[in-house]
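Position 1 is the first residue of the sequence, and the numbers go up from there. First listed ligand is number 1; within each ligand, the first listed atom is number 1.
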Amino acid sequence: MIAIACDHAALDLKNEIINHLQKKGLTCKDFGTNDKNSCDYSDFAYPAAKSVAKGECNLGILICGTGIGMSITANKIKGIRCALCGDCFSAQATRNHNDANMLALGARVTGVGLALKIVDAFIEGVFEGGRHQRRIDKIAEIEKKEG
Ligand code: RB5
């Protein structure tokens with residue numbers, strides 16, 4: 001199950017991504033927004049990120065105008081590693097090396113064609129463990145220290 005959320009700036013891209021994932025046989029849990037009225041990205045990023053942190057969803061995708069507000073919000077949640085990506089290499093690498101569990105995209109930055117390829121690279125990427133696990137463990141230690 002993939003958590004997905006957007007703000008008003010990214011509704012069209014979110015719907016494209018949901019359709020794309022459904023065609024691949026993947027199911028999304030949609031945390032809104034579902035209209036183009038101006039809204040605050042954090043209201044939608046938070047519950048989506050919590051669902052990933054709690055393990056209800058195994059991955060998540062967050063989209064706003066730039067992807068920045070969504071990624072900043074998601075990364076406040078313990079256990080969330082949200083990567084803002086505008087290219088396929090980064091999307092795959094963040095799964096391979098960072099075990100990123102959320103992807104952020106900017107609907108005003110990245111066109112739909114590239115965004116769908118980035119989503120695929122992210123979904124298909126596999127964590128490599130090893131030295132990368134040690135680095136992620138250090139991030140978790142920082143989370144603990146910072147409370
Ligand atoms: C909304 O205008 C815009 O600020 C938002 O979509 C996002 O880009 C924030 O990071």
| Going by the atom numbers of ligand 1, which of them fall below 4.0 Å from some non-hydrogen atom of His8? | 1 (C), 2 (O)
| query | Given the protein's heavy atoms, is any one of them under 4.0 Å from atom 10 (O) of ligand 1? | reply | yes
| query | Any side-chain heavy atom of Leu116 within less than 4.5 Å of one from Ile17? | reply | yes
| said: Between ligand 1 and Gly69, is the shortest N or O to N or O distance under 3.5 Å? | reply: yes
| field | pair Asp35-His8: side-chain heavy atoms closer than 4.5 Å | value | no
| note | Numbered in order shown, the ligand 1 atoms found under 4.0 Å of a heavy atom of Asp7 are 1 (C), 5 (C), 6 (O)
| said: For atom 8 (O) of ligand 1, what's the nearest protein heavy-atom neighbour? Residue, atom name and distance, please. | reply: Thr66 N, 2.9 Å
| query | Can you find a heavy atom in the side chain of Ile63 that is under 4.5 Å from one in the side chain of Leu103? | reply | no
| Do any nitrogen or oxygen atoms of Met70 lie less than 3.5 angstrom from nitrogen or oxygen atoms of ligand 1? | no
| Under a 4.5 Å cut-off applied to non-hydrogen side-chain atoms, are Phe127 and Gln133 in contact? | yes
| query | More than 12 non-hydrogen atoms from neighbouring residues, nucleotides or ligands closer than 6.0 Å to CZ on Phe44, yes or no? | reply | yes
| remark: atom 7 (C) of ligand 1: closest protein heavy atom, distance to 0.1 Å, is Cys64 SG, 3.4 Å
| Near Ala9, which atoms of ligand 1 are under 4.0 Å from a heavy atom of that residue? | 6 (O)
| task | May I ask you to check whether Arg108 has an N/O atom sitting below 3.5 Å from an N/O atom of ligand 1? | result | yes
| task | Within a distance under 4.0 Å of any heavy atom of Gly65, pick out the atoms of ligand 1 and give their elements. | result | 5 (C), 6 (O), 7 (C), 8 (O)
